[in-house]
**Student:** 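This structure is in structure tokens; I'll ask about it shortly.
Chain letters run A, B, ... following the sequence lines, proteins first and then strands; every chain starts at 1.
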Number of protein chains: 2
Amino acid sequence: MDQTQAPRLQPAARLMLRESVYESLKRLLMDNALEPGSRLSIDGLARELEVSQTPVREALFRCEAEGLVVRRPNAGYLVAPLITRDALLDLYDLRLLLEPTAAARAATNATDRDRRDIKDAVRAMGPAVHGDSYQAYREFAEEDAKLHTTIATAAGNPLIAETLDRLRAHVHSYRLYFRHGIAEVTTTEHQAISDRIQAHDPPGAEQAMRAHLENSRTRLLAAYDETF
Amino acid sequence: MDQTQAPRLQPAARLMLRESVYESLKRLLMDNALEPGSRLSIDGLARELEVSQTPVREALFRCEAEGLVVRRPNAGYLVAPLITRDALLDLYDLRLLLEPTAAARAATNATDRDRRDIKDAVRAMGPAVHGDSYQAYREFAEEDAKLHTTIATAAGNPLIAETLDRLRAHVHSYRLYFRHGIAEVTTTEHQAISDRIQAHDPPGAEQAMRAHLENSRTRLLAAYDETF
DNA sequence: CAACCGAAAATCGGATACGATATTGGAAAT
DNA sequence: ATTTCCAATATCGTATCCGATTTTCGGTTG
């Protein structure tokens, strides 16, 4: 019964190692633990995370597809730079095409379950602002993303929700606010959207969402311009 | 100077092997050379394409992200099933949210270069219909995708063009038409869109694009219902 | 002193082999 | 005919090696 093999700290963790590496990397990136523009060496990450290179490469591959890192052929990966001002405007432009419509549809199509989820998501965001730490804002950003996703899902076309998720708007704003400092948070705008959806008021929901996005864009641009 | 090494047929093809594997796989999938739902073994593909497993795994990873294949954890990959009728409706729903607006914007924002590209793309689609083969329709589908991308790009917000590309609408319709038989092709609708953009007529372009998408949806649904 | 050049070091893309684990398909048994 | 069990097979991750390219760094030159 003696172990002739070298002892394994993690005996072949069958829990989808590539996923956990991806999550670890994403967290490192989102928390700005890695400076935008700095290099990401494959086996450096492998050593740091104590896994082999295979799952690291797959995680980087995925992050590249999501725009979190950029690849230079035969020269490794870099942490993706912060979103530019122009790209930020494009992002909100697209959101303004999709989300007000989604909110209006949610006001008619949402199931009771959907409406409850939306109400819960708004309520969950109140306490998240308490702490002054980055961690607190991070939680807020995640809750915010969840609310918008819930509304888009309630609209009835899953493709719209997927498309919005893919924009990772909350990642960009989080990374910006991280540099600028904690932003004030407006629960009232979210409350207004939820109210109009609960009231089965499509035009109201659409308008509330549009106003929220436009205000959000203004706040984020102000943060951007103050930082740079 | 004698080569003690075994001769290499492709001396370390530095042309990004993962890319070419991805392209090969995508072509196999699009041409329905692989039945939807059938299994895709990693080293089976590796042997067939005469590469090692490493680039195959990365190509499959990418195809999974694009929805061309589906993965069952610890049990390999399957060729993704054809799009469902509901998903087809969702797809056109989203396109109708984005593309008419994009066409209207293109009518105002397009540069001279953009307008020329659009004109060329429409012109290129005339001859492509000639052959009766699948190959001919494949070329048409690619040209069609290019036209829509060009218009979206001319609208000025690259994020919109990316979003539309990611839907891979032409892949879905190609795979459907492949099963159903060759569909007739309407160049007149494309011509109308191009005309309105060339004439700097935003409402006209928007309307022409909307009509085109609605007709396209009708045609594709008819093909779908006849097939199943 | 700055700019350029070339060799060494680091790193990437890929190949290959191997172990552990999970799935699968078929034979045996109820 | 349905269930159980087992062997074959495939995936996922590890470890290691290789050629090619990129980067870095030191030295030479204008």
**Student:** Which whole-number value in Å describes the distance from A:D43 CG to C:dG13 P?
**Tutor:**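 Computing the A:D43:CG to C:dG13:P distance gives 12 Å.
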**Student:** Atom CZ of A:R71 to atom C1' of C:dC12: distance rounded to whole Å?
**Tutor:** 10 Å
**Student:** Which nucleotide in the list D:dA10, D:dT21, C:dA22 gets nearest to the side chain of A:N74?
**Tutor:** D:dT21
**Student:** May I have the distance from A:Q53 (atom CD) to C:dT11 (atom P), rounded to whole angstrom?
**Tutor:** 11 Å
**Student:** Please report, rounded to the nearest Å, how far the P atom of C:dT16 is from the CD atom of B:E50.
**Tutor:**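 So the CD-P distance, B:E50 to C:dT16, works out to 12 Å.
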**Student:** Heavy atoms from C-beta onward define the side chain here; which of C:dG14, D:dT11, D:dC12 lies closest to that of B:Y77?
**Tutor:** D:dC12
**Student:** Assess the side chains of B:D165 and B:H148: does a donor N or O sit below 3.5 Å from an acceptor N or O?
**Tutor:** no
**Student:** Check this for me: does any side-chain nitrogen of one of B:R57 and B:D43 sit under 4.0 Å from a carboxylate oxygen of the other?
**Tutor:**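 Salt bridge absent between B:R57 and B:D43.
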**Student:** Do the side chains of B:R116 and B:D120 get close enough for a salt bridge, i.e. N-O under 4.0 angstrom?
**Tutor:** no
**Student:** C:dA20 C1' sits how many Å from A:L17 CG, rounded?
**Tutor:** 14 Å
**Student:** Give one of base, sugar-phosphate or nothing for A:T54, where a contact means two heavy atoms less than 4.0 Å apart.
**Tutor:**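 Counting heavy atoms under 4.0 Å across all strands, the contact made by A:T54 includes a base.
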**Student:** Measure from CD on B:E58 to P on C:dC12 and round the result to the nearest Å.
**Tutor:** 13 Å
**Student:** Name the closest nucleotide to the A:R18 side chain, picking from C:dG13, D:dT14, D:dC12.
**Tutor:** D:dC12
**Student:** Please find the pair of heavy atoms, one from A:V79 and one from A:E35, that lie closest to each other, and give the distance.
**Tutor:**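 Closest heavy-atom pair between A:V79 and A:E35: CB-O, 3.4 Å.
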**Student:** Select from A:P55 and A:P73 the residue whose nearest nucleotide in DNA chain D is closer to the 5' end of that strand.
**Tutor:**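 Upstream on the strand: A:P55.
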**Student:** When the distance from CZ of A:R72 to P of C:dT11 is rounded to whole Å, what number comes out?
**Tutor:** 12 Å
**Student:** Give one of base, sugar-phosphate or nothing for B:L40, where a contact means two heavy atoms less than 4.0 Å apart.
**Tutor:**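 Answer is sugar-phosphate: B:L40 comes under 4.0 Å of backbone atoms only.
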**Student:** How many Å lie between CZ on A:R47 and P on D:dA15, as a whole number?
**Tutor:**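 From A:R47 CZ to D:dA15 P: 13 Å.
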**Student:** Pick base, sugar-phosphate or nothing for A:R57, based on heavy-atom distances below 4.0 Å to the nucleic acid.
**Tutor:**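 Touches a base.
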**Student:** Side chain of B:I42 only, please: which of D:dT23, C:dA15, D:dT11 is the nearest?
**Tutor:**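 Closest nucleotide to the B:I42 side chain: D:dT11.
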**Student:** With respect to the side chain of A:R39, which nucleotide from D:dT22, C:dT24, D:dT24 is positioned closest?
**Tutor:** D:dT24
**Student:** Answer yes or no: is there a side-chain heavy-atom contact under 4.5 Å between B:Y92 and B:E99?
**Tutor:**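 No. Closest side-chain heavy atoms not under 4.5 Å.
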**Student:** Counting only side-chain heavy atoms from C-beta out, which of D:dT11, C:dC12, C:dT16 sits nearest to B:S41?
**Tutor:** D:dT11
